[in-house]
Amino acid sequence: MKDDRSYEVIIVGGSYAGLSAAMALGRSLRNVLIIDRGLPCNRQTPHSHNFITHDGEKPLSIAKKAREEVLNYPSVKFQKGLAVSGTKTATGYEITTENGDVFQAKKLIFATGVEDIMPSIQGFSACWGISVIHCPYCHGYEFRKGKTAIMANGERALHLAGLVHNLSSDLTLLTSGKASFDVKQKAKLKLHGISIIEEEIGKIQHKNGWVQQVQLKDGRELAFDAVYAAIPFRLDIMLKLTPPLDILTPLTRLFSVQLMT
């Protein structure tokens with residue numbers, strides 16, 4: 001069943017960024033629709049940290065409270081669903097969700113965030129955001145002084161090691177292949193007691209997302225409390241746009257964005 005409704009602005013993505021945009025527009029008496037499927041990239045993270053006034057809160061609780069505040073503005077509406085297609089019209093845009101609902105707007109805001117690209121390592125996805133982590137400032141304090149691994153190589157590994165070393169003196173670099181460090185870099189790592197293991201990772205053994213051991217492909221099992229991982233990501237824009245549109249965001253100034261066609 002299709003539900004055709006018109007708004008001044010449709011916001012695709014209803015987490016922190018989308019809700020912030022909706023609040024500003026709602027306070028300006030603009031008619032706004034937020035479309036969000038309810039799968040933020042931080043959905044597995046137990047608690048938010050380094051976020052002033054919300055330190056230690058659950059990310060989903062923060063988003064729920066924000067949504068309630070935004071929807072206090074009567075001109076802002078919320079639609080749960082996934083926006084799958086968009087068409088340029090004579091007066092603006094038409095957006096269709098996966099359920100077949102159709103909405104029109106004069107303007108579009110994409111606030112879909114990013115999608116992390118997980119490696120094909122058994123157990124990695126289940127631990128992501130819990131004990132396999134990416135940001136020392138967001139997660140590091142909770143694993144301070146713990147036995148810590150860093151899944152990275154080359155400059156990225158050195159960068160992370162420099163940040164994490166202040167939190168734990170028990171660090172191991174898992175490069176999953178030949179280490180890309182020169183003689184001086186290796187000497188510096190050795191000076192700080194940071195070991196390097198080049199064997200590829202086979203799987204991550206865990207209990208409810210909490211790392212217990214990293215199993216290497218040669219059969220060795222290494223116990224860790226936390227694993228930092230430098231993984232790629234992409235913009236989470238899943239719409240088929242007709243005609244194709246150039247979408248300018250802070251990230252697209254740095255990264256190439258390929259929309260579904």
Side-chain angles (χ1 to χ4, degrees), residues 1-43 45 48 51-54 57-117 232-261:
M1 178 178 178
K2 292 188 176 181
D3 181 17
D4 297 336
R5 281 184 269 175
S6 297
Y7 295 85
E8 290 181 271
V9 182
I10 289 176
I11 301 173
V12 181
S15 191
Y16 304 158
L19 292 169
S20 296
M23 177 172 280
L25 291 167
R27 290 180 58 80
S28 297
L29 302 181
R30 299 295 186 180
N31 293 315
V32 179
L33 177 67
I34 306 165
I35 301 176
D36 184 78
R37 61 176 170 167
L39 292 175
C41 67
N42 64 356
R43 58 188 176 274
T45 303
S48 173
F51 186 180
I52 196 75
T53 75
H54 294 290
E57 289 188 42
K58 296 179 180 179
L60 293 180
S61 297
I62 297 171
K64 182 176 182 291
K65 182 180 179 181
R67 186 163 56 249
E68 291 170 351
E69 291 180 352
V70 169
L71 293 179
N72 282 329
Y73 295 91
S75 65
V76 180
K77 306 299 180 186
F78 186 90
Q79 175 75 21
K80 185 171 182 179
L82 175 64
V84 294
S85 67
T87 303
K88 184 77 172 69
T89 67
T91 57
Y93 302 91
E94 184 175 89
I95 297 294
T96 303
T97 72
E98 63 181 346
N99 293 328
D101 296 318
V102 179
F103 304 95
Q104 292 86 28
K106 297 177 181 178
K107 301 287 185 181
L108 293 179
I109 294 178
F110 288 95
T112 55
V114 299
E115 179 184 7
D116 297 306
I117 303 172
F233 59 87
R234 56 181 168 239
L235 291 181
D236 188 17
I237 301 177
M238 301 299 292
L239 280 85
K240 179 181 179 181
L241 296 174
T242 308
L245 302 175
D246 290 328
I247 297 177
L248 183 61
T249 73
L251 281 176
T252 59
R253 293 187 178 96
L254 298 174
F255 301 99
S256 173
V257 180
Q258 183 176 0
L259 301 179
M260 292 181 65
T261 57

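Just so it is clear, the model here is predicted, and its values are computed rather than measured.
- To the nearest 0.5 Å, atom CD1 of residue Ile35 and atom NZ of residue Lys77 are 14.5 Å apart.
- Under the rule for a salt bridge (charged side-chain N to carboxylate O under 4.0 Å, His left out), Arg67 has no partner lying at least two apart in sequence or in another chain.
- Rounding to the nearest 0.5 Å gives a distance of 4.5 Å between OG of Ser6 and CD of Gln104.
- Pairing each heavy atom of Val70 with each of Ile34, the nearest pair is CG1-CD1, 4.2 Å.
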Next on the checklist: Working note: Arg5 + Gln79, criterion side-chain contact (heavy atoms from CB on, under 4.5 Å); need CA distance, chi angles, decisive distance, verdict.
Outcome noted: CA-CA 11 Å; Arg5 281 184 269 175; Gln79 175 75 21; 3.9 Å; yes

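- The two residues Pro40 and Leu60 come nearest to each other via the heavy atoms CG-CD2, 4.0 Å.
- For the residue pair Cys41 and Asp116, the shortest heavy atom distance occurs at CB-OD2, 4.2 Å.
- In terms of modelled atom types and a separation under 3.5 Å, the side chain of Glu8 and the main chain of Asn31 share a donor-acceptor contact.
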Tabulate below the donor-acceptor pairs under 3.5 Å that side-chain atoms of residues 9-17 make, not counting sequence neighbours, or state none.
from	atom 1	to	atom 2	distance (Å)
Tyr16	OH	Pro59	O	3.2

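- In terms of heavy-atom proximity, Gly86 sits nearest to Ile95 at CA-CD1, 3.8 Å.
- The 12-atom threshold is exceeded at CZ of Arg43, counting heavy atoms of other residues, nucleotides or ligands nearer than 6.0 Å.
- Atoms CG and CG, from Leu33 and Leu25 in turn, are 12.0 Å apart once rounded to the nearest 0.5 Å.
- In this structure, Lys106 is not positioned above the aromatic face of Tyr93 in the sense of NZ or CZ being under 6.0 Å from the six-membered ring centre and within 45° of the axis.
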Checklist entry - Can you list the steps and then say if Tyr73 with Val32 is a side-chain contact (heavy atoms from CB on, under 4.5 Å)? => result CA-CA 10 Å; Tyr73 295 91; Val32 179; over 6 Å; no

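- A donor-acceptor pair is defined here as one N or O able to donate and one able to accept, closer than 3.5 Å; such a pair exists between the side chain of Ser75 and the backbone of Arg30.
- Interatomic distance, CG of Leu108 versus CZ of Phe110, reported as 5.0 Å (0.5 Å rounding).
- Rounded to the nearest 0.5 Å, atoms CG (Leu19) and CD1 (Ile62) are 12.0 Å apart.
- Ionic pairing of Arg234 and Glu115 is present here: one or more N-O contacts between side-chain nitrogen and carboxylate oxygen are shorter than 4.0 angstrom.
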